[in-house]
Amino acid sequence: MAYWLIKSEPDVYSIDDLRRDRQTIWDGVRNYQARNFLRQMQVGDLGFFYHSNTSPLGIVGLVKVIESDVIDPTQFDSNSPYYDPKSILESPRWFTVKIEFVEAFTQIITLETLKREFSPEQLLVVRKGNRLSVMPVEIEVAQKLLLR
DNA sequence: GCCAACGTTGGC
DNA sequence: GCCAACGTTGGC
């Protein structure tokens, strides 16, 4: 079982939105490195839900992967902001996962805290200039985060 | 609002 | 295939 971190701008989709929906397809990722991580995810993996572009920044909850290798439907939807005209039905370009809500942390683990407790080598999200929206989290780091 | 740090695009 | 220009992400 692996651990991941997924970023979302709460104005677009927040942990409260996921609590309300209970589950969602993690659509709209249009970066190949992030997609490759999404393709590595397996059912049962846990993800830390991170709020970006907001205040306070940080990890706000936990999610679980409940379906892997999901074809992102928005790539074929010309009305979607994530529409990709270059993607063809026979060989889709963008894959993702379906996730479900596990919990919203009573206290956000702020980026400031993450920077204090983990090095950029341990945790990609604290690395300066990092723009990946989906990234792996080392088991030791994940366990420390879950014990907080 | 600024801008660093990328990723992507397209001319050559 | 190189790389300059451009666009986006996301912290500050």
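Quick note on labels: first sequence line is chain A, next is B, and so on, each numbered from 1. All values reported here derive from a predicted model rather than from experimental measurement.
Counting only residues at least two apart or in different chains, salt bridge (charged side-chain N to carboxylate O under 4.0 Å, His left out) contacts with residues 113-130 of chain A comprise A:E117-A:R148.
Contacts between residues 111-119 of chain A and DNA chain C, defined by a heavy-atom separation below 4.0 Å, involve A:L111, A:K115, listed by number. Residues from residues 78-86 of chain A placing a heavy atom under 4.0 Å of any atom in DNA chain C do not occur. Contacts of residues 28-35 of chain A with DNA chain C (heavy atom under 4.0 Å): none.
The side-chain heavy atoms of A:L123 and A:K144, taken from C-beta on, include no pair separated by under 4.5 Å. Using a 4.5 Å cut-off on side-chain heavy atoms (C-beta onward), A:Y3 and A:L145 make no contact. Residues A:Q107 and A:T113 are not in side-chain contact: their nearest non-hydrogen atoms beyond the backbone lie 4.5 Å or more apart. Side-chain contact between A:V65 and A:Q42: absent, with no pair of heavy atoms (C-beta onward) separated by less than 4.5 Å. Side-chain contact check for A:D84 versus A:D72: every heavy-atom pair is 4.5 Å or farther apart. Using a 4.5 Å heavy-atom threshold, the side chains of A:V63 and A:W26 count as separate. Between A:I71 and A:F76, some side-chain heavy-atom pair lies under the 4.5 Å cut-off.
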What side-chain donor-acceptor pairs closer than 3.5 Å can you find for residues 132-142 of chain A, not counting sequence neighbours?
none

Show which side-chain atoms of residues 47-58 of chain A pair as donor or acceptor with protein atoms under 3.5 Å away, not counting sequence neighbours.
residue : atom : partner : partner atom : Å
A:H51   : NE2  : A:I15   : N            : 3.2
A:N53   : ND2  : A:E9    : OE2          : 3.3

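A:N130 has its CG atom 8 Å from the P atom of C:dG10, to the nearest Å. Taking atom CD1 on A:I59 and atom P on C:dG11, their separation rounds to 12 Å, with Å as the unit. Rounded to an integer number of Å, the gap from CD1 of A:I6 to C1' of C:dG10 is 17 Å. To the nearest angstrom, C1' of B:dA4 lies 16 Å from CG of A:L132. Separating the CG atom of A:N53 from the P atom of C:dT8 is a distance of 14 Å, rounded to the nearest angstrom.
Listed for the A:S14 side chain is a donor-acceptor partner under 3.5 Å among the backbone atoms of A:D17.
Between A:K7 and C:dT9, a side-chain N or O to OP1/OP2 separation shorter than 4.0 Å is absent. Remark: A:K128 is in phosphate contact with B:dA5, judged by side-chain N or O atoms under 4.0 Å from OP1 or OP2.
With distances taken from any side-chain atom of A:Y50 to the nucleotides C:dG10, C:dG11, B:dA4, the minimum falls on C:dG11.
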